[in-house]
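Following: one structure in structure tokens, then a few remarks.
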Amino acid sequence: MRNAFPLGLALGLLASAPALTPALALDTTKLPVKKVEFSFDGPFGTYDQAALQRGFQVYKEVCSACHGLDHIAFHNLDEAGGLGFTEAQAKAIATGYKIPADPNDKGEIFDDKGTRLTRPGTLADKFPNPFANEEAARANNDGNLPPDLSLVVKAREGGAHYVYSIVTGFHLNPPKGFTVTSGKYYNPYFEGWNIGMPPPLTDNAVTYSDGTKATVDQEAHDVATFLAWASDPKMEERKRVGFGALVFLIVLSGLLFFSYRKVWADLH
Amino acid sequence: MTATTVDVTRRDFLYVATGAMGGVGVVAVAWPFIDQMNPSAAVLALSSTEVDLSPVAVGQQVVVKWRGHPLFVRHRNAKEIADAKAVAVSDLPDPLARNANLPDSAPATDANREIKAEWLILVGVCTHLGCTPTGFEGDYGGWLCHCHGSQYDTAGRIRKGPAPQNLAVPPYSFLSDTRIKVG
Amino acid sequence: MSGQSTYTPKTGLEKWIDQRLPLPRLMHDTMTTFPTPRNLNIWYTFGGILTFCLGVQIVTGIVLAMHYVPNADLAFDSVESIMRDVNYGWLVRYIHSTGASMFFLAVYIHMFRGLYYGSYKAPRELIWIIGVLIYVLMMATAFFGYVLPWGQMSFWGATVITSLFSSIDQVIPHLGTAITTWLWGDFAVGDATLNRFFSLHYLLPFIIAGVVGLHIWALHVPGNNNPLGIDVKSPQDTVPFHPYYTVKDAFYLCCFVVLFAVFVFYAPDFFGNPDNSIKANPLVTPPDIVPEWYLLPFYAMLRSIPQKLLGVLVLVGSLVTLVFIPWLDTSRVRSCRFRPLMKQFFWAFAVDCVILGYCGSQSVDATAFGVPLVWVARLGTLYYFGYFWVLMPIIGLIETPKKLPASIAQSVLGEPAAAPAE
């Protein structure tokens, strides 16, 4: 009775339970994310500024046609721990965007042709969404809703690795027996293997201003880095403050340990 | 328990050091909790406003919003400028310029109230109790505050009434002849 | 031990205050001279750690409430604003979210300590029951709090758990639905629900603080239990709380904070779920709805019962069971150190909780080594209830406990009981 370890009993029961193997169609579970290194991996990782700027260029010239970046403001572009733009550069980027304007003196927000009146962006503005609302987004994308990208790295298991895997995962051919749903594209890194997004990247889809060769792999890596920053712009500050905090706490623990020993020493 | 003098000193130093380090930790932790109440990055992004001066005709005033307050942008005509320059600082209830672009001690000459004579940029908050004065009213051609009767001249300086100070001149600069950045 | 106070004020100010409000006396008696068993180990430091956690959650929570907007359209964005714009907002938010997990980690260790050392046995039954009340209040607070960011998991977790009440329809028709609608303030989880959950999330921690006061007050009547489970017999068995346990608690608290800091600064999303970084969408259900890790064992028990009402009763029963433990355990011996048979079942129970937690984290049709996890969860649930309702009464009666030491002092100091220490 003493040795009747109850858990052992339970496990024995489980082992003899009939194994259920339902007849399976093709298992369309997504592939594990690709192994790739990012500069921001690990407790001492930081964002590679050049990669961030290149990734921003990829977002701007490719992704922003369909995907919003609702939570990022232009003034985030010159923040510490980020892309490394100056305030003037960030302001210049902002003025390149058209933001829906406030009512003019006549109270109008549309012009004579019915187009929404706009004004140039300021540092205080957030990135404008490519579509006015969800319905417009779906109408322009075969019924698919391109998700906002400001938090996509946090909102997907695998984070930046997942984003990288998806955008580089289009070149494979579907296995025999798998039919791609009409209107979708084959991507085994996406759950169910049918993704609504057409392959977004090609070689030289952008021309990098720093001269880096714009292969799909490079573009994917850079845009994943940029989106990682977009999800977590405070990462560098967090790791820096964390290092100081942990050093402090470990030293304090040491002092407390010796104090504890000293206080209790006279009891033995 | 036997404790030599040396032991007591060493023990006390350890406790003092531990306590001091704990205290430093408490202060270090306190700072983020205090700083979080300061204006956030989103608020600070709105702390600067650019104003286009071209729609404001001579003799006209426009009111824009800056840091949550009204901002008077007044295009003065020759008479208003002359009237302002004719006043002796010693006649003014408040002799200081109250100009954020100048030292605190600068006197309230008309020249110290603006960068370019024809453009008067003032924070439109009465220095009495915070109401918004109305332009082109009052005996001095500047502003009249209807709340308690304070009157400001064409350089926004208090001349009559309970307000203690001249209307404040915010920090600003000219980006071009027709565009200013305030704040 | 409660008794006469030996407090004499040392300064004029202390005397003045003490004459008018006996707070200095209270501090002195409970936290300075309070005779505490000299053999308390690391597992006894978690009460103090829990008080620290409660304080941290309240302070960070109040600060977050300065920036958070409890409106369905604005809540998610307000949390993002905290993370991106508010000075050190990311830090306050991560401390609060990680702090909830650390709070439950500490409370589970604290509860398991109580189970192992028999701290729930007479005369400490009420301390245990008040503790169960604190635990249930914590679960409610955590549930409400998780809804506030208004992510996909916030919304759908709220929907699943509040929908449980509709199972009452099987007993009294229409009553369950009426209750669920009343909880929601709407025909589904929505803005009305969010607002009231925010109000309750702000309220409950202060109720917890009050109940914690009762918990500590009740503790100070008999004084602390100890790893040997034997009563304090003489002053040699105890030491004053200060400086012995103030410094020991401070050390272990600091170690706990080191672990806390590692998560906050280097793995802040470790306990979180990626789906909660997606704004709540009432029209799209996430593939797997899971609560936070500390609620997973109960989630597993709930899902293991195919019938909705029975599942709810099992869930409620698992918590109500805890209240009866002081009377379910028939052993005369408190501490499992001297209960060789019970000790094994205790550890099996601990493993069972972990297994149930794992089952709760997986999808309903998941399998392990070909075995559907729902069957593992059913066995786990059976053991959970069996441990308290069957094993505790029976083992106390049939077990031969080891010989107890004569006193705490003798056990610690190794001196024969006859010779008094100094």
Side-chain angles (χ1 to χ4, degrees), chain A residues 1-8 10 13-15 17-21 42-43 70-73 76 79 147-148 150-159 191 231-235 237-243 245-246 248-250 252-264 267-268, chain C residues 38 77 80-81 83-85 88-91 94 151-152 239 243-244 246-248 250-255 257-258 261-262 264-266 268-269 272 274-279 287 340-341 344-345 347-349 351-352 355 367-372 375-376 379-380 383 386-387 391 398 412-413:
Chain A
M1 187 61 182
R2 198 171 277 223
N3 290 325
F5 200 62
L7 185 61
L13 275 172
L14 291 174
L20 301 168
T21 46
D70 291 347
H71 290 106
I72 307 294
N76 294 130
E79 270 172 6
D148 183 85
S150 356
L151 283 166
V152 73
V153 162
K154 262 195 194 165
R156 301 289 185 272
E157 212 183 305
E191 189 65 32
S231 275
D232 193 2
K234 300 293 182 185
M235 181 215 74
E237 187 184 353
R238 169 166 57 83
K239 288 179 182 174
R240 203 180 51 243
V241 173
F243 182 73
L246 275 174
F248 173 86
L249 284 168
I250 289 170
L252 182 60
S253 300
L255 284 174
L256 280 167
F257 176 70
F258 289 114
S259 299
Y260 159 45
R261 285 265 294 266
K262 270 276 188 293
V263 166
W264 282 76
L267 274 188
H268 302 307
Chain C
R38 64 196 304 154
D77 292 345
E80 279 309 300
S81 173
M83 295 295 289
R84 295 164 189 275
D85 292 327
Y88 294 103
W90 58 270
L91 179 61
Y94 276 146
Q152 274 287 67
V239 290
Y244 293 97
T246 41
V247 74
K248 185 168 184 168
F251 168 64
Y252 283 108
L253 174 62
C254 203
C255 296
V257 174
V258 167
V262 167
V264 166
F265 293 104
Y266 293 105
D269 296 311
D275 278 336
N276 228 30
S277 288
I278 302 171
K279 213 184 279 205
L341 191 54
Q344 295 184 64
F345 287 108
W347 287 114
F349 174 71
V351 171
D352 182 41
I355 290 176
T367 62
F369 310 109
V371 179
W375 278 105
V376 176
L379 279 167
Y383 187 77
Y387 177 71
L391 292 174
I398 64 171
V412 169
L413 301 172

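The structure presented is a predicted model; accordingly, all values stated were derived computationally and were not measured. Each chain gets a letter, A, B and so on, in the order the sequences are listed, and its residues count up from 1. Values reported hereafter were calculated over all heavy atoms of this structure, with side chains retained and with hydrogens, waters and symmetry mates removed.
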- Message: For C/Val239, which atoms come within 4.5 Å of any heavy atom of chain A: side chain, backbone, both, or neither?
- Response: side chain
- Partners passing ring-ring contact (aromatic ring centres under 6.0 Å, His included) against A/Phe248 (at least two apart in sequence or in another chain): none
- Note on the structure: Cut-off 4.5 Å, heavy atoms of chain C, and the answer for A/Val153 is neither
- Please examine the side chains of C/Met83 and A/Lys154, heavy atoms only from C-beta on, and report whether any two atoms are closer than 4.5 Å. yes
- Distance (rounded to the nearest 0.5 Å) between C/Cys254 SG and A/Phe257 CZ: 13.0 Å
- Do A/Leu151 and C/Glu80 have side-chain heavy atoms sitting under 4.5 Å apart? yes
- So A/Tyr260 and C/Phe251, would you call those rings parallel, tilted or perpendicular, with 30° and 60° as cut-offs? parallel
- Of the backbone (N, CA, C, O) and the side chain (C-beta and beyond), which part of A/Ile72 lies under 4.5 Å from a heavy atom of chain C, both, or neither? side chain
- Note on the structure: Sequence neighbours excluded, the answer for side-chain contact (heavy atoms from CB on, under 4.5 Å) partners of C/Ser81 is C/Asp85
- Would you say the side chain of C/Tyr252 lies within less than 4.5 Å of the side chain of A/Leu256, judging by non-hydrogen atoms? no
- Identify which part of A/Leu252 has an atom lying under 4.5 Å from any heavy atom of chain C, answering side chain, backbone, both or neither. both
- Indicate yes or no: at least one non-hydrogen side-chain atom of C/Arg84 is less than 4.5 angstrom from one of A/Ser150. yes
